Amino acid sequence: MTQQLAVAPAPHRTATTPGTATPGTAAPAPGTPTLATPILGTPTLGTAGLVTVLLGAFLPMLDFFIVNVALPTIDKDLNAGPAVLELVAAGYGIAFAVLLVLGGRLGDIFGRRRLFVAGATAFALTSLACGLAPDAWSLVTARAAQGASAALLIPQVLGTITAATDGARRGRALSVYGAVGGISVVIGQVLGGMLVAADLFGTGWRSVFLLNVPFALLAVVLAVRYVPESKATRAARVDVPGTVLLTATLLSLLVPLMEGRAAGWPLWSLVLLGLFPVLAVAFALVERRAEQRGDTPLVPPTLLRIPEMRRGLGIALPYFAGFGGFMFVIAVALQQGLKLGPVAAGWALVPMAVGYFSASLAGPRLIGRWGSRVLSAGAVIQALGLATLAVTVLADWAHFSPLRMAPGVALAGIGQGLIGTPLFRVVLSKVPAARAGVGSGVLATSQQSSLALGVATLGTLYLSLSPSLGMGRTLALCLGIQLLGSFTILYLTTRLPRSIG
């Protein structure tokens with residue numbers, strides 16, 4: 001980690017002007033909408049600033065999963081019930097996903113440090129509201145507000161890194177960001193179980209939320225001092241039609257997938273799923289027409305024409321969906337199937353965390369030598385880990401244990417680290433600094449939506465089939481589906497350019 005954070009000073013950069021190509025990027029043809037607009041000054045992100053924004057990224061990503069192991073205790077304490085418990089988890093993820101691109105746009109307009117400070121402050125306050133929630137529905141509301149504050153915070157992290165770093169410096173910073181994202185998921189499972197079991201000062205499950213407050217406030221203080229301000233000098237107006245349609249599109253997919261099973265698949269859930277493709281097409285048409293008029297859409301189609309971004313997002317979907325689904329399913333299988341407590345279930349994933357972190361540390365050096373082949377190798381190693389774990393499950397589920405699953409999850413963790421760490425570099429490598437907020441918002445939305453999609457699909461499949469098929473066989477089936485995702489990732493990595501910026 002120290003080696004990755006000790007980045008070299010960035011070379012001098014000049015502000016990008018409309019119609020002028022950035023270094024290494026061909027100038028657009030006449031009449032083509034340009035992504036580049038002037039940026040304010042030439043901000044440089046130092047080591048202290050990088051640590052600060054990574055702290056701001058760690059907390060929201062940690063909270064996506066830390067609540068999982070606390071749900072049984074929340075149910076017992078607040079008498080919530082299964083449907084409300086799913087809303088406690090889903091409300092955060094849905095609000096997080098649907099507002100991320102808007103958060104990136106606001107950072108471009110008002111300044112990324114300003115929005116980072118506002119988002120971290122709001123995250124502290126909403127975490128406090130979660131920790132003090134007197135009943136289940138208050139907790140659901142506070143969790144949704146917490147997800148909205150995370151959507152203000154996260155895009156400013158990627159946006160600041162992209163706007164205030166260059167070249168190898170940017171690549172190393174994005175590699176560390178990718179490592180933080182993966183580690184936060186695993187730590188969330190472990191830390192959540194430890195906090196619930198410790199019952200600090202009689203707080204029980206509330207400590208998983210209250211822990212955020214001092215660290216979020218620390219991020220605010222450090223950001224004011226160490227994080228440079230950056231924004232687009234030509235402030236584009238918020239794309240209201242695009243924002244509404246994107247929100248409706250994501251809600252029409254995520255809400256029925258997350259809540260449909262618990263509610264018995266009522267008519268409204270089927271209607272929403274049917275509306276999803278219609279709303280997605282409408283969003284794409286509105287964004288294309290807005291850009292043709294010379295407006296600035298929420299998701300500029302020209303941004304998605306950058307090959308590295310388009311192909312990288314194609315990898316992100318199966319990668320994050322599989323990652324999110326695996327973390328949810330394995331937690332349920334360990335606690336309900338093997339009857340492990342929250343602490344033991346969390347510690348069972350430590351080999352994955354060690355493998356992921358080790359691969360993340362080695363990632364920048366490997367990428368410098370082998371380029372995109374590192375992602376291909378990661379897909380192969382992840383597939384081997386998943387296959388090993390599936391064989392172990394099918395061979396003797398009755399004696400399946402954290403010790404027996406260690407080789408499989410360790411291999412899977414190494415593979416995931418080799419994919420996830422460079423993936424952020426791939427997607428954002430050619431995004432102009434003046435569109436850093438928009439590009440970061442698109443990537444973060446893809447990440448969170450895919451995580452939620454994986455939890456919803458694989459989670460629903462596991463919970464639906466395990467009563468009839470059995471815990472072990474259903475877990476093996478879910479691992480097999482994720483194995484197919486690894487092969488998809490392997491194919492897509494062959495379409496990437498050999499060199500990664």
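Note that this is a predicted model, so its numbers are computed, not measured.
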Apply side chain to side chain contact (heavy atoms under 4.5 Å, CB included) to Met352 and Phe326, showing your working. CA-CA 12 Å; Met352 174 178 281; Phe326 174 84; 3.1 Å; yes
Minimum heavy-atom distance [X]-[Y], with the two atoms named:
{"X": "Val409", "Y": "Ala348", "answer": "CG2-O, 4.2 Å"}
{"X": "Pro318", "Y": "Ile315", "answer": "CD-O, 3.2 Å"}
{"X": "Thr493", "Y": "Ser372", "answer": "O-OG, 4.3 Å"}
{"X": "Leu461", "Y": "Cys478", "answer": "CD2-SG, 4.2 Å"}
{"X": "Pro402", "Y": "Leu340", "answer": "CG-CD1, 3.8 Å"}

Would you give the length of the straight line joining atom [atom1] of [X] to atom [atom2] of [Y], rounded to the nearest 0.5 angstrom?
{"X": "Ile154", "Y": "Phe123", "atom1": "CD1", "atom2": "CZ", "value": "8.5 Å"}
{"X": "Leu423", "Y": "Leu418", "atom1": "CG", "atom2": "CG", "value": "12.5 Å"}
{"X": "Ser450", "Y": "Tyr319", "atom1": "OG", "atom2": "OH", "value": "11.5 Å"}
{"X": "Ser486", "Y": "Ile481", "atom1": "OG", "atom2": "CD1", "value": "12.5 Å"}
{"X": "Leu254", "Y": "Leu273", "atom1": "CG", "atom2": "CG", "value": "10.0 Å"}
{"X": "Leu458", "Y": "Met327", "atom1": "CG", "atom2": "CE", "value": "13.0 Å"}

Discussion item. Checking side-chain polar atoms at under 3.5 Å, does Thr474 have a donor or acceptor matched by the opposite partner on Ser466?
Written reply: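 Distance-only check fails for Thr474 and Ser466.
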Would you say [atom1] of [X] has more than 12 non-hydrogen atoms from neighbouring residues, nucleotides or ligands within 6.0 angstrom?
{"X": "Arg495", "atom1": "CZ", "answer": "no"}
{"X": "Arg473", "atom1": "CZ", "answer": "no"}
{"X": "Trp397", "atom1": "CH2", "answer": "yes"}

Exercise. Output, in order, the C-alpha distance, side-chain angles, deciding distance and verdict of side chain to side chain contact (heavy atoms under 4.5 Å, CB included) for Leu246 and Val98.
Key: CA-CA 7 Å; Leu246 178 62; Val98 301; over 6 Å; no
Quick one, [X] and [Y] - any side-chain contact, counting heavy atoms below 4.5 Å?
{"X": "Leu366", "Y": "Arg373", "result": "no"}
{"X": "Leu317", "Y": "Leu453", "result": "yes"}
{"X": "Phe116", "Y": "Thr160", "result": "no"}
{"X": "Ile489", "Y": "Gln382", "result": "yes"}
{"X": "Val427", "Y": "Met309", "result": "yes"}

Margin query: side chain to side chain contact (heavy atoms under 4.5 Å, CB included) for Leu106 and Leu102? Distances and angles first, verdict last.
Written below: CA-CA 6 Å; Leu106 293 175; Leu102 178 61; 4.3 Å; yes
Side chain to side chain contact (heavy atoms under 4.5 Å, CB included) with Pro60: which of Leu152, Asn212, Leu153, Val157?
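Of the listed options, the one satisfying the test is Leu153.
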Quiz prompt | The single option from Ile419, Val455, Leu451 passing side chain to side chain contact (heavy atoms under 4.5 Å, CB included) against Phe323 | solution =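 The option that passes is Leu451.
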Parallel, tilted or perpendicular: which one describes the rings of Tyr92 and Phe96, with boundaries at 30° and 60°?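 Tyr92 and Phe96: perpendicular rings.
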Which residue pairs pass the salt bridge (charged side-chain N to carboxylate O under 4.0 Å, His left out) test with at least one member in residues 410-422, sequence neighbours excluded?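 As it turns out, there is no salt bridge (charged side-chain N to carboxylate O under 4.0 Å, His left out) pair with a partner in residues 410-422 once direct neighbours are skipped.
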_Show every salt bridge (charged side-chain N to carboxylate O under 4.0 Å, His left out) that has at least one partner inside residues 151-165, sequence neighbours left out._
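Qualifying pairs: none.
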* To do: Would you sort out whether Met405 and Leu334 count as a side chain to side chain contact (heavy atoms under 4.5 Å, CB included), showing the intermediate values?
  => CA-CA 11 Å; Met405 66 184 281; Leu334 291 175; 4.0 Å; yes
Residues 277-287 side chain polar contacts: donor-acceptor under 3.5 Å, at least two apart:
from, atom 1, to, atom 2, distance (Å)
Glu287, OE1, Leu298, N, 2.8
Glu287, OE1, Val299, N, 2.8

